[in-house]
Amino acid sequence: MRVIIFGASGLLGQALMREWNGDQVAGLSVEDVDVRDAVKVRAVVEKNQPDWIVLAAAYTDVDGCESNQELAFSVNRDGAVNVAEAAKRAGAKVLFLSSDYVFDGTKTSPYEIDDARNPQSIYGRSKAEAEVRLLEVLPQCCILRTAWMFGTGGKCFPDTILKLAANRPALNVVNDQRGCPTYSVDLARAIIELCRKGATGMVHVTNAGHSTWFEFARETVRSAGLATEVQPVSTQQMARPAPRPAYSVLSARSLRPYGISMPTWQDALRRYLVERRP
Ligand SMILES: NC(=O)c1ccc[n+]([C@@H]2O[C@H](COP(=O)([O-])OP(=O)(O)OC[C@H]3O[C@@H](n4cnc5c(N)ncnc54)[C@H](OP(=O)(O)O)[C@@H]3O)[C@@H](O)[C@H]2O)c1
């Protein structure tokens with residue numbers, strides 16, 4: 001297979017580039033092509049003639065999106081449409097990375113793929129609108145929603161926690177938002193398998209299990225053998241510009257037809273800590 005990865009320098013992109021063997025994979029960063037540039041996107045897709053395009057490029061600063069709305073929509077929605085239109089012309093399949101933040105978080109059981117979108121943040125809206133537009137342009141595309149990603153090669157939650165824990169006796173972490181931590185390596189492996197199996201439609205992919213940010217931080221500190229105390233606080237006590245869903249656990253049901261089962265997030269975290277060691 002010939003594959004193009006947009007966003008190859010990001011957290012997921014780097015894992016995809018490391019994990020994807022046996023196919024012809026071209027990784028593109030924003031320096032190679034900005035997804036907002038429809039002409040360049042089309043040219044690079046025409047030149048590479050890919051079977052698959054994995055669209056992992058995005059403006060992912062959730063709080064930054066609130067004050068840079070134009071950028072959020074132009075990259076996350078319009079950029080995605082540029083890629084889908086180029087893919088359509090070239091006859092390539094697309095796997096688009098979306099987010100649990102397309103949901104409002106009012107459910108108390110895992111979100112299924114056909115639950116209604118109701119994003120509360122600009123980032124979530126930009127992803128939700130991208131999903132709708134992509135399905136119009138390429139009804140057969142694969143839209144993969146993931147969540148709470150961590151991995152080496154960029155900023156992520158456990159890395160931040162470990163850096164803070166190294167210098168502080170105690171940390172306050174939010175305990176009223178629940179989601180699914182997801183290791184970039186495990187997600188990359190699932191994406192490769194989904195492409196090889198010709199996935200279409202909506203799919204939810206996260207590590208198995210769920211946690212609050214507090215539980216995730218406590219397990220990170222404990223697994224790293226640090227003595228820092230992790231204290232639970234409420235979202236209200238840690239005000240951020242973008243609202244986050246209180247509950248955004250994604251159901252694994254949509255992955256079952258592909259025969260893919262994901263490791264638990266605790267197992268993934270242990271492997272991440274080994275990978276992160278200098
Ligand atoms: N991280 C999470 O917790 C999470 C959760 C749910 C869904 N997702 C989605 O999963 C995908 C991958 O996330 P990630 O954490 O790997 O993101 P990331 O580390 O922020 O990487 C994003 C990538 O997109 C590139 N990019 C940014 N603007 C671009 C533009 N205008 N044109 C072309 N490339 C551009 C970045 O290039 P530079 O590095 O050069 O800026 C980078 O390679 C994204 O679609 C994200 O929305 C992530």
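Computed from heavy atoms alone, side chains included, the values below leave out hydrogens, waters and symmetry copies. Whatever order the structure lists them in is the order used to number ligands and atoms, beginning at 1. A quick note: this is a predicted structure, and the numbers were derived from the prediction, not measured.
A distance-only check finds no donor-acceptor pair linking the side chain of Ser254 to the backbone of Val203 [under 3.5 Å]. For the pair Glu70 (side chain) and Asn68 (backbone), a donor-acceptor distance under 3.5 Å is absent. The main-chain N or O of Asn172 is never found under 3.5 Å from a side-chain atom of Gln231 such that the two would form a donor-acceptor pair.
The option from Leu11, Asp34, Asn82 that lies nearest to atom 31 (N) of ligand 1, judged by heavy atoms, is Asp34. With distances taken over non-hydrogen atoms, the option nearest atom 32 (N) of ligand 1 out of Leu250, Val35, Thr182 is Val35. The residue from Cys180, Gly79, Ala147 that puts a heavy atom closest to atom 5 (C) of ligand 1 is Ala147. If you check each of Trp148, Tyr123, Phe150, Phe96 against atom 9 (C) of ligand 1, the one with the closest non-hydrogen atom is Tyr123.
A donor-acceptor pair shorter than 3.5 Å cannot be found between the side chains of Asn207 and Thr182.
Across every non-hydrogen atom of Ser98 and Glu131, the tightest pair is OG-OE2, 2.7 Å.
For atom 10 (O) of ligand 1, the nearest non-hydrogen atom of the protein is Leu97 CB, 3.6 Å. Protein heavy atom in closest approach to atom 29 (C) of ligand 1: Val30 CG2, 3.7 Å. Counting only heavy atoms of the protein, atom 34 (N) of ligand 1 lies nearest to Ala57 CB, 3.4 Å. In terms of protein heavy-atom proximity, atom 12 (C) of ligand 1 is closest to Ala56 O, 3.4 Å. Protein heavy atom at the shortest distance from atom 16 (O) of ligand 1 is Leu12 N, 2.8 Å. Atom 17 (O) of ligand 1 has Thr60 CG2, 3.5 Å as its closest protein atom, hydrogens excluded (heavy atom only). When only non-hydrogen protein atoms are considered, atom 27 (C) of ligand 1 lies nearest to Ala58 O, 3.3 Å. What sits closest to atom 21 (O) of ligand 1 on the protein, heavy atoms only, is Gly10 CA, 3.2 Å.
At under 3.5 Å, a nitrogen or oxygen of Met149, whether backbone or side chain, sits near a nitrogen or oxygen of ligand 1.
Distance check, rounded to the nearest 0.5 Å: CG of Leu226 to CZ of Arg168 gives 14.0 Å.
Of the residues Arg277, Glu275, Arg276, the one that meets the side chain to side chain donor-acceptor pair (under 3.5 Å) test with Thr152 is Glu275. Considering Lys107, His204, Arg178 as possible partners of Val249, the one that fulfils the side-chain contact (heavy atoms from CB on, under 4.5 Å) test is Arg178.
Under 4.0 angstrom from ligand 1, there are no non-hydrogen atoms of Ser184.
By the 4.0 Å heavy-atom criterion, Lys127 is counted among the residues contacting ligand 1. Within the structure, the closest approach of Ser98 to ligand 1 falls below 4.0 Å when heavy atoms are considered.
For Phe150 and Phe157, the distance between ring centers is not under 6.0 angstrom. Aromatic pair Trp265/Trp148: centroids not less than 6.0 angstrom apart.
Each of the following atoms of ligand 1 lies closer than 4.0 Å to a heavy atom of Ser9: 37 (O), 38 (P), 39 (O), 40 (O), 42 (C), 43 (O). Those atoms of ligand 1 that come under 4.0 Å of a heavy atom in Val33, given as number and element, are 32 (N), 33 (C). Every atom of ligand 1 is numbered from 1 in the order shown, and the set under 4.0 Å from a heavy atom of Gly7 is 23 (C), 24 (O), 43 (O). Atoms of ligand 1 lying under 4.0 Å from any heavy atom of Thr146, numbered from 1 in the order shown and given with element: 6 (C), 7 (C).
The aromatic rings of Tyr247 and Tyr111 lie tilted to each other, with the angle between the two planes from 30° to 60°.
Side-chain contact check for Asp267 versus Arg271: some heavy-atom pair is nearer than 4.5 Å.
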